[in-house]
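Here is how names work: the chains are called A, B, and so on, in the same order as the sequence lines, proteins then strands, and each is numbered from 1. Given the structure is predicted, the values throughout are model-derived calculations rather than measurements.
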Number of protein chains: 2
Amino acid sequence: MAVKYKEIADALEQEIRSGKYDAARKLPTEEELITQFGVSRNTVRRAVNQLVNRGYIYQVQGSGMFLRDKSATDYINLGSLRGLTKDLSPDRIHTEVLDLHTMEAGSETAGRLNCEAGTMLYYIKRLRLVDEEPFSIEISCFNKNIVPYLNKDIASSSIYSYLIDDLKLSIGFADKVITSDQIGVVNAGLLQVKALDPALIVENTVCLTNGTVFEYSQSIFHYKKAKLLNRISFK
Amino acid sequence: MAVKYKEIADALEQEIRSGKYDAARKLPTEEELITQFGVSRNTVRRAVNQLVNRGYIYQVQGSGMFLRDKSATDYINLGSLRGLTKDLSPDRIHTEVLDLHTMEAGSETAGRLNCEAGTMLYYIKRLRLVDEEPFSIEISCFNKNIVPYLNKDIASSSIYSYLIDDLKLSIGFADKVITSDQIGVVNAGLLQVKALDPALIVENTVCLTNGTVFEYSQSIFHYKKAKLLNRISFK
DNA sequence: AAGTGGTCTAGACCACCGT
DNA sequence: CGGTGGTCTAGACCACTTC
């Protein structure tokens, strides 16, 4: 990390999640944070801003910085990178790799990944279980020029940890398109619902900080189990 | 407004939407914006930051600020306040007010609105049409202590314009919970789909800047017509 | 009136991209 | 190496809340 405002933001996030401010439901004043962390006011404010964007707190001019009501658990936060892996406790999640192979991009996939048709990519289909019950199906395509290697082992834990910590990719931004549709027979079987039952679908296009698309994925969620959460603040 | 960085952000947003940078796909440098708007670098950077958060651009250190690919139209932006009203051109939208009355909050609604049971509120049910075809059903509850007056006229255009421009409410943040479920018979009839067809559902809890909940709403979207878009950036 | 967050400036230095 | 964004500081003044 080595960047002050992010370190402070992460420290405060930890404190909030640990329940340190649950009694007061209020953060220390900017002045206090300035002396506590020994940085300038601007740096404190940038850190605090992260917490606002992450949905933890809201600021009231003249009054203070307050905790937002805790969202009930079991929500998948649309604003964070790691869908399941961050929001649910890791021991509740299991991943079954149904398919993993390399292939050439067809014209449709090439369009989505913003690359030439014929570009090599990894195709992965996974079934994700929460508390041993089928929760979602994830079909992902990674541009192999950017993600040169993947295997079942990596795919069965958190791919994103591998991309960030090992491949040192710096992920910049993403588009998520959310829809609902009738589920097909095959996927219905995997999720143990009936064919034509509803499915909650999230299409995800992810880019590096330099703007290159490296992943396109589609997640199909069990309609009775999945709840997506989006926390926004206007300022 | 009267705040420099927001004015600059809005001006740049307008320029981007107008297509001014479509050829270059690149914004002027910070230095250029500084001289163009006659403000300090920090102010330019705050303005630019808004555009990043609104999903218009991404920044690459050492290189510049670039336009993100346009999202196809017809998406409902989850990050903006006015769902339909902002994303689709206004003349395509029609709103039919099915019900509008005041009532006392029951215990469940009181919980969602974070108020006492028995608090007076407005209940509104609306059918929204896009291009003359049923698109979504919106059921909203407003705390009457905060929104003291509403009528069919207001409800059939944009409620939020009224809240912001006329009532001078300052809206702070919101929680959106997105799910999918089988649609009921009544709503199926309204949306002209079959009972038990999928529905895309967004529950929305909206707060003022001071943290007070003033609205709880539920939107039920036509599963073949609605696409929600969430643009996120990590920094 | 005191406390607390919001806006703005000016300037320094660092990190990364491209030539 | 020049161009361009990223981080950080120090200080001034404004706006809103609370008492």
When you check the side-chain N and O atoms of B/K235 and B/Q59, is any donor under 3.5 Å from an acceptor? yes

Apply side chain to side chain contact (heavy atoms under 4.5 Å, CB included) to B/Q218 and list each qualifying residue two or more places apart in sequence or on a separate chain. B/I201, B/E203

Residues which pass salt bridge (charged side-chain N to carboxylate O under 4.0 Å, His left out) with B/E138, listed by chain and number, not counting sequence neighbours: B/R126, B/R128

Of all pairs that satisfy ring pair (Phe, Tyr, Trp, His ring centres under 6.0 Å), the ones with a partner from residues 143-162 of chain A, not counting sequence neighbours: none

Donor-acceptor pair between A/S170 and A/T209 side chains, under 3.5 angstrom: yes

Counting neighbours of CD on A/Q36 that are heavy atoms of other residues, nucleotides or ligands and sit closer than 6.0 Å, is the number greater than 12? yes

Applying side chain to side chain contact (heavy atoms under 4.5 Å, CB included), name anything that partners A/R92, two or more places apart in sequence or on another chain. A/D74, A/L88, A/S89, A/V130, A/D131

Exercise: do B/T29 and B/E32 side chains pair donor with acceptor under 3.5 Å: yes

Name all residues meeting the ring pair (Phe, Tyr, Trp, His ring centres under 6.0 Å) criterion together with B/F234; count only those two or more places apart in sequence or in a different chain, and write none if there are none. none

Please enumerate all residues that pass side chain to side chain contact (heavy atoms under 4.5 Å, CB included) together with A/T212, with sequence neighbours excluded. A/I146, A/L208, A/N210

Any residue of residues 37-44 of chain A with a heavy atom less than 4.0 Å from an atom of DNA chain C: A/R41, A/N42

Sub-3.5 Å pairs of nitrogen or oxygen atoms, protein against nucleotides 2-4 of chain D:
unit_1 : atom_1 : unit_2 : atom_2 : d
D/dG3  : N2     : B/G62  : O      : 2.8
D/dT4  : O2     : B/G62  : N      : 3.4

Please list all pairs passing the ring pair (Phe, Tyr, Trp, His ring centres under 6.0 Å) test where one or both residues lie in residues 37-60 of chain A, with sequence neighbours left out. A/Y58-A/F66, A/Y58-B/F173

Members of residues 3-10 of chain A that approach DNA chain D, where some heavy atom sits under 4.0 Å away: A/V3, A/K4, A/Y5

Quick check for you: name the first and last nucleotides of DNA chain C, 5' to 3', having an atom under 4.0 Å from a heavy atom of chain A. C/dG3 to C/dT9

For A/D91, give me all partners under salt bridge (charged side-chain N to carboxylate O under 4.0 Å, His left out), at least two apart in sequence or on another chain. none

